[in-house]
Amino acid sequence: MRVRDLRVVRGKRDVLHGLTFEIARGEVVGLLGPSGCGKTTLMRALVGVQVVAGGEVTVLGEPAGSAGLRRRVGYATQAPALYADLSVAENLRYFASVLGAPRGDAARVMDEVGLGRHRDQVAATLSGGQLNRANLAVALLGEPQVLVLDEPTVGLDPVLREELWELFRELAGRGVTLIVSSHVMDEAGRTDRLLLMREGEILADGTPGALRASTGAADLEDAFLRLITGEAA
Amino acid sequence: MNPSITLATTRRILAQLRHDHRTLGLLVGVPALLMVLLRYVLDQPGLFDRVGPLLLGVFPFVIMFVVTSVATLRERTGGTLERLMTMPLGKLDLLLGYALAFGLVALVQVGAVLAISLTWLGLDLRGPVAALVVVAVLDALLGMALGLLASAFARTEFQAVQFMPAFVLPQVLLCGLIVPRDQMAGWLEAISHVLPLSYAISAMQELTREPAVTATLTRDITIIAACTLLSLLLGAATLRRRTP
Ligand SMILES: Nc1ncnc2c1ncn2[C@@H]1O[C@H](COP(=O)(O)OP(=O)(O)OP(=O)(O)O)[C@@H](O)[C@H]1O
Ligand SMILES: [Mg+2]
């Protein structure tokens, strides 16, 4: 996946000013940065639903959003995008048939996110964390080679977060590329690489260990604070 | 376009309606109730024979307009449209999925109203019942297509609901239901010529007068079908894969 000089204007504001980076296949990349810095905007550009003002976004060798990518890229939006009046299973079965995923895929992803017991519950009545997991499940349908996950673990307890990260790791082991945005630092430590953004620019890029070392911080939380506030050496 | 995605979309929309018993009840019950009211307000069998079918040209149109504009606005604002746009769903799959689902609902709606009208209310229709069903269902699809188009210009459900009086009531006033079109001022008549509901009413009037399918009826049906298609295409143009 390659992003070159990506610029995005939303409303009247320049949101991304010329991002450039590359992500290798099978890499697990964490996207961090203060609220409003442009993480969601970048992810929307990666899946090809964002109008961009300039630059190039290539995913799996094709321009982002091209027809050939629509079965190969899974996207979980930050705000759950489900039919509130349908049950979890009905939602997943619908998206599975749109993706042309095999029968039984809906059941598989429900188990993967631990929603098997809630399959017949209407989405509107799910708890916040359950709804988030149902939203994540949609992205896992079919056999995506790239997963773009916008804050997938928000509102989840540590046990569930742990389970999901094991799942992400397992997927990466099979060669799936993951881009995961997050505000939780212990999660960030589980990625192969972190992209730290501030105000539409990439401030730092490296492994969690390297970021810690370069700032001389004791932990990632501290490193994050130092980088964002510009105190780093 | 992919038929299995289109059908999956139709099934999904019908499932949503199935979960919403009240909307389903209102969709079928309200037009039937209004028809009963009309029959007893007019209270003259001859008059009801002339006016009843005209209302069958208006109800499905108005109701489908409102239901579709709110339903598609929800897809736009709830993020499901954006999600679908990252998937291999064609715009036509979505539009035809809606058209099939709401076409079926319209068929049930019109069927229920007709069944009550022809039996209990003693409606005496000159023209063929099948032709009336065709006009009414096409009319419902026209309402649906315009609702879909209107939803592109609404930001909130409040606005979407306000579009009903804005898009629909002028057509109801000018379509010949209240005053025959040729008795209106010239400029109003000219406007009425380009409003699709006028042709629905004209078709229904023809059905109350002529026992066979006339040239006027065929022309009206063709115009309604063309308007529906045009609005669907315009609606498709408002569905964007990329948004700002
Ligand atoms: N539709 C829009 N129109 C105009 N500006 C927008 C729109 N959506 C987002 N923005 C602005 O773009 C900037 C980046 O937003 P974005 O959603 O990408 O942030 P984010 O990094 O994902 O934040 P968070 O961590 O809070 O989710 C913000 O300043 C936001 O106000
Ligand atoms: Mg965000």
Side-chain angles (χ1 to χ4, degrees), chain A residues 8-13 15 40-41 43-53 59 64-87 89-101 122-124 135 138-139 141-142 144 146 148 150, chain B residues 1-27 67-68 70-98 100-101 105 155 157 238-244:
Chain A
V8 173
V9 178
R10 300 189 84 169
K12 287 195 172 55
R13 303 192 31 207
V15 176
T40 299
T41 307
M43 293 186 139
R44 280 169 45 85
L46 292 176
V47 297
V49 294
Q50 175 68 51
V51 174
V52 302
V59 179
S66 39
L69 290 175
R70 292 193 193 128
R71 273 173 230 278
R72 297 155 76 199
V73 178
Y75 174 42
T77 43
Q78 179 170 10
L82 295 166
Y83 297 101
D85 42 5
L86 292 183
S87 72
E90 284 169 328
N91 266 293
L92 288 168
R93 276 202 301 267
Y94 172 56
F95 289 116
S97 29
V98 171
L99 287 164
V122 172
N135 188 51
V138 180
L141 287 166
V146 173
V148 179
D150 203 351
Chain B
M1 215 202 102
N2 176 330
S4 75
I5 296 181
T6 308
L7 288 178
T9 304
T10 302
R11 266 200 309 278
R12 184 263 294 173
I13 294 161
L14 291 176
Q16 285 179 290
L17 282 175
R18 212 168 42 238
H19 278 281
D20 189 354
H21 301 288
R22 200 168 297 171
T23 296
L24 210 53
L26 288 170
L27 275 174
V67 172
T68 318
V70 173
T72 48
L73 185 73
R74 273 194 202 163
E75 293 240 25
R76 285 179 208 270
T77 56
T80 47
L81 181 66
E82 174 176 308
R83 168 157 254 162
L84 289 172
M85 288 296 136
T86 68
M87 294 185 174
L89 167 130
K91 293 170 190 173
L92 267 185
D93 289 322
L94 189 68
L95 291 172
L96 292 181
Y98 266 98
L100 268 177
V105 172
R155 291 271 167 278
E157 289 182 26
T238 68
L239 295 176
R240 297 245 178 258
R241 289 229 180 243
R242 286 181 188 268
T243 47

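What you are looking at is a predicted structure, and each value in this text was computed from that prediction instead of being measured. FYI, side chains are in, hydrogens and waters are out, and symmetry mates aren't considered; it's all heavy atoms of this structure. Throughout, a chain's letter reflects where its sequence line sits, starting with A, and its residues are numbered from 1.
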Review point. So which part of A:R93 gets closer than 4.5 Å to some heavy atom of chain B, the side chain, the backbone, both or neither?
Key: neither
Review point. Yes or no on side chain to side chain contact (heavy atoms under 4.5 Å, CB included) for A:V98 and B:L84, after CA distance, side-chain angles and deciding distance?
Key: CA-CA 8 Å; A:V98 171; B:L84 289 172; 4.3 Å; yes
Study note, to complete from the structure: Max heavy-atom pairs within cutoff under 4.5 Å with chain B, candidates A:L82, A:N135, A:V15, goes to A:N135
Check your understanding: What residue, out of B:N2, B:D20, B:T9, B:L89, has the most heavy-atom pairs lying under 4.5 Å from chain A?
Key -> B:T9
**Study point:** Atom group of A:A76 that falls short of 4.5 Å from chain B, counting heavy atoms
**Key:** both
Practice item. Among B:Q16, B:H19, B:R11, find the residue that satisfies the side-chain contact (heavy atoms from CB on, under 4.5 Å) test when tested with A:E90. Key: B:H19
Review point. Distance from B:R18 atom CZ to A:L86 atom CG, nearest 0.5 Å?
Key: 9.0 Å
Review point. Given a strict heavy-atom distance threshold of 4.5 Å, which part of A:V122 is in contact with chain B: side chain, backbone, both, or neither?
Key: side chain
**Study point:** Side chain / backbone / both / neither for A:Q50 at chain B, heavy atoms under 4.5 Å
**Key:** both
Revision key, fill the gap. Residues A:S97 and B:A8: closest non-hydrogen pair is OG-CB, 3.5 Å
Review point. Roughly how far, to the nearest 0.5 Å, is CG of A:L99 from OG1 of B:T86?
Key: 7.5 Å
**Study point:** Expected output: side-chain A:R44 to main-chain B:T243 donor-acceptor under 3.5 Å
**Key:** yes
Check your understanding: Of the listed residues (A:Y75, A:F95, A:Y83), which shares the most heavy-atom pairs with chain B below a 4.5 Å separation?
Key -> A:Y83
**Study point:** Interchain contact, B:R240 with chain A, by part (heavy-atom threshold 4.5 Å)
**Key:** neither
Practice item. Go through A:A139, A:A79, A:A81 and name the one with the most non-hydrogen pairs under 4.5 angstrom from chain B. Key: A:A81
Point to revise | Sole residue of B:R241, B:R83, B:E82 in side-chain contact (heavy atoms from CB on, under 4.5 Å) with A:V49 | key: B:E82
